[in-house]
Amino acid sequence: MKERILEVRGLNVDYGMGPESVRAVRDVDLTLHRGEVLGLAGESGSGKSTLAYGMTRLLPPPGIVAGGEVIYHLDDGTTVDLLRIRDADLRRLRWSEIAIVFQGAINSLNPVQRISTQLVDVLKAHSASTPRARLDRARELLTLVGIASDRLNSYPHQLSGGMRQRVMIAMALALEPRVVIMDEPTTALDVVVQRQILRTLVDLRERLGFSVVFITHDLSLLVEFSDRIAIMYAGQVVEEAASADLYRTPLHPYSDGLLQSFPALKGPKRELSGIAGSPPDLRMMPSGCPFHPRCARAMDVCGQQTPVLGQSRAGRSVACWLHPVSVG
Ligand SMILES: Nc1ncnc2c1ncn2[C@@H]1O[C@H](COP(=O)(O)OP(=O)(O)OP(=O)(O)O)[C@@H](O)[C@H]1O
Ligand SMILES: [Mg+2]
């Protein structure tokens, strides 16, 4: 059994309060193991960012965590619930234990500061080393992510989009975190650059031993780079599987549709057909399975009862009436 590092249990996140509120993340359970790359996929608006920010308490208002727990396993064998520890304790864990690269982070580099200053600032805020040691470490971090260390004195605008992304990864890795959460860090980049950057991250993961939660709507990237994949639809995880299993035999019709929406670089060619229709408005969720109005395989039960994520008879984790759950 692989060692667990981060466990999300029954997480619910709302935007707003009272009758106007919408539930953007619903009853999500997720487990991240040590050294693993866990991919999180789903169409735009499926709740991926909300989940990532909810579980790390970085949710901007009007987002509210309405319930659940996020258990983090510390190195000494003890656990903490990220949703309940004191702010000061949480701040200590950020960057040093859990580093997060936000969606659109590529634009968050300060345009008027050299890369060296920005990397050194992260090191300075959290570690007590000398200026000389910090600069050496900044140089080392750049090399680690595949940028020549003489670029340390560049300003962000002097770097390509791919290089800026690599700088963001270098910053995330600065304090040797055990978990790196990346929210769609590469969308603005072309497909080839995206793959190179992910390759770098996955190689580093093998060398440095951190775990990754990688969020994207491009399932073909996840199939290539992650160990396990969780598929989100309308705020819920509807299927979770080892990458290879998901690619070979997606069980949820939505997972199948997503796989057919992106061209894969490897493996047998698939016809790209996409998914008809669009995700539901969270204020007017359909009855039963939220995917049933778009599902070509919907049955009567699908419009009446909501399937929950559980182990199917074949031992796979899916929320779909086509694959009845044997244990709750
Ligand atoms: N500030 C907000 N107020 C109200 N609803 C919000 C707010 N932010 C997000 N939402 C809603 O929450 C749902 C989930 O949004 P979220 O940004 O988590 O999706 P996502 O899966 O990350 O999408 P993308 O792939 O576009 O990044 C969406 O329906 C969105 O409209
Ligand atoms: Mg997002």
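The residues of the chain are indexed from 1 along the displayed sequence. Note: hydrogens, waters and symmetry copies are ignored here, and every other heavy atom, side chains too, is used. Indexing begins at 1, ligand by ligand and atom by atom, following the structure's order.
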Engineer: Tell me whether Glu43 is salt-bridged to Arg294, with the criterion being a basic N under 4.0 Å from an acidic carboxylate O.
Structural biologist: yes

Engineer: With a 4.0 Å cut-off on N to O distance, would you call Glu239 and Arg316 a salt bridge?
Structural biologist: yes

Engineer: Output yes when a side-chain donor or acceptor of Asp183 lies under 3.5 Å from a complementary backbone atom of Phe102, and no otherwise.
Structural biologist: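 It does not hold such a pair.
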
Engineer: Looking only at side-chain N and O atoms, does Arg248 offer a donor or acceptor that is under 3.5 Å from a partner on Ser243?
Structural biologist: no

Engineer: At distances under 2.8 Å, what protein N, O or S atoms surround the Mg ion (ligand 2)?
Structural biologist: Ser49 OG, Gln103 OE1

Engineer: Using the test side chain to side chain contact (heavy atoms under 4.5 Å, CB included), find all partners of Ala125 that sit at least two apart in sequence or belong to another chain.
Structural biologist: none

Engineer: Are side-chain heavy atoms of Leu222 and Phe214 found at a separation under 4.5 Å?
Structural biologist: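 Touching, per the 4.5 Å side-chain cut-off.
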
Engineer: Can we say Arg139 and Asp150 salt-bridge, meaning some charged N sits less than 4.0 Å from an Asp/Glu carboxylate O?
Structural biologist: no

Engineer: So which pairs with a foot in residues 172-182 pass side-chain hydrogen bond (donor to acceptor under 3.5 Å, both in side chains), sequence neighbours left out?
Structural biologist: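 Applying side-chain hydrogen bond (donor to acceptor under 3.5 Å, both in side chains) to every pair that reaches into residues 172-182, excluding sequence neighbours, yields Tyr72-Arg178, Glu97-Arg178.
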
Engineer: Could you pull out every protein residue that has a heavy atom closer than 4.0 Å to ligand 1, ordered by chain and then number?
Structural biologist: Tyr15, Ala24, Glu43, Ser44, Gly45, Ser46, Gly47, Lys48, Ser49, Thr50, Pro62, Gln103, Glu184, Leu282

Engineer: If the threshold is 4.0 Å, N to carboxylate O, is there a salt bridge linking Asp89 and Arg84?
Structural biologist: no

